[in-house]
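Quick caveat: nothing in here was measured; it's all calculated off a predicted structure. As a basis for the values below, the full set of heavy atoms in this structure was taken, side chains included, without hydrogen atoms, waters or symmetry mates.
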Amino acid sequence: MSALCFFTVTPLGKDESVSKYVAKVVSVVKESGLKWELTPMGTIIEGETVEEVFKVIDKGVKQLEDCNRISIMIKIDYRKDRKSGFDSKISSVMEKIQ
């Protein structure tokens with residue numbers, strides 16, 4: 001099983017730059033022990049279950065206690081039939097590029 005999750009956590013009504021808030025959430029992701037990657041538009045984490053990735057996101061959101069409103073976007077690719085994470089998905093596409 002694998003749950004590959006792309007998510008963003010953005011405080012609303014704060015500064016134009018949100019990197020200090022994103023850093024708080026990414027610190028939680030880093031400490032989770034899950035495989036992860038920061039992109040310019042969001043963060044990707046890889047866990048075994050949807051519950052596992054949701055727990056990390058929830059813990060990260062709780063770090064933004066000084067924000068009254070937060071926008072959260074989550075996209076999950078969940079496979080029960082086999083483990084299919086970062087590496088296998090990228091490899092599959094790269095092998096097909098001619």
Those residues that, when tested against [X], pass side chain to side chain contact (heavy atoms under 4.5 Å, CB included) (two or more places apart):
{"X": "Val26", "result": "Val22, Trp36, Leu38, Thr43"}
{"X": "Lys89", "result": "Leu4, Asp77, Ser84"}
{"X": "Thr39", "result": "Phe6, Glu37, Met41, Ile44"}

Contacts under 3.5 angstrom, residues 52-59 side chains, donor-acceptor by atom type, not counting sequence neighbours:
from	atom 1	to	atom 2	distance (Å)
Glu52	OE1	Glu48	N	2.6
Asp58	OD2	Lys62	NZ	3.0

Might you point out which heavy atoms bring [X] and [Y] nearest each other, and give the distance in Å?
{"X": "Ala3", "Y": "Ile76", "result": "CB-CG2, 4.4 Å"}
{"X": "Gly85", "Y": "Ser2", "result": "N-OG, 4.5 Å"}
{"X": "Gln63", "Y": "Lys24", "result": "O-CD, 3.8 Å"}

Test of understanding: clusters of I, L, V, M, F, W, Y form through side-chain heavy atoms closer than 4.5 Å, transitively. Do Ile74 and Val18 belong to the same one?
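Linked, Ile74 and Val18 end up in one cluster.
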Would Met73 end up clustered with Tyr21 when hydrophobic side chains under 4.5 Å apart are linked, directly or stepwise?
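No; Tyr21 is not reachable from Met73 via cluster members.
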Heavy-atom side-chain contact between [X] and [Y] under 4.5 Å:
{"X": "Val61", "Y": "Ile70", "answer": "yes"}
{"X": "Thr49", "Y": "Met1", "answer": "yes"}
{"X": "Ile45", "Y": "Ser32", "answer": "no"}

Could you check Lys35 against Phe86 for side chain to side chain contact (heavy atoms under 4.5 Å, CB included), going step by step and ending with a plain yes or no?
CA-CA 9 Å; Lys35 186 172 183 177; Phe86 287 8; 3.4 Å; yes
Do Ser91 side-chain atoms and Asp87 backbone N/O form a donor-acceptor pair below 3.5 Å?
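Yes, Ser91 side chain to Asp87 backbone: donor-acceptor pair under 3.5 Å.
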List in chain and number order the residues that pass salt bridge (charged side-chain N to carboxylate O under 4.0 Å, His left out) with Lys20, two or more places apart in sequence or in another chain; answer none if no residue qualifies.
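Expected list: Asp15.
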Side chain to side chain donor-acceptor pair (under 3.5 Å) involving Asn68 - partner list, sequence neighbours excluded:
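Partners of Asn68 under the side chain to side chain donor-acceptor pair (under 3.5 Å) test: none.
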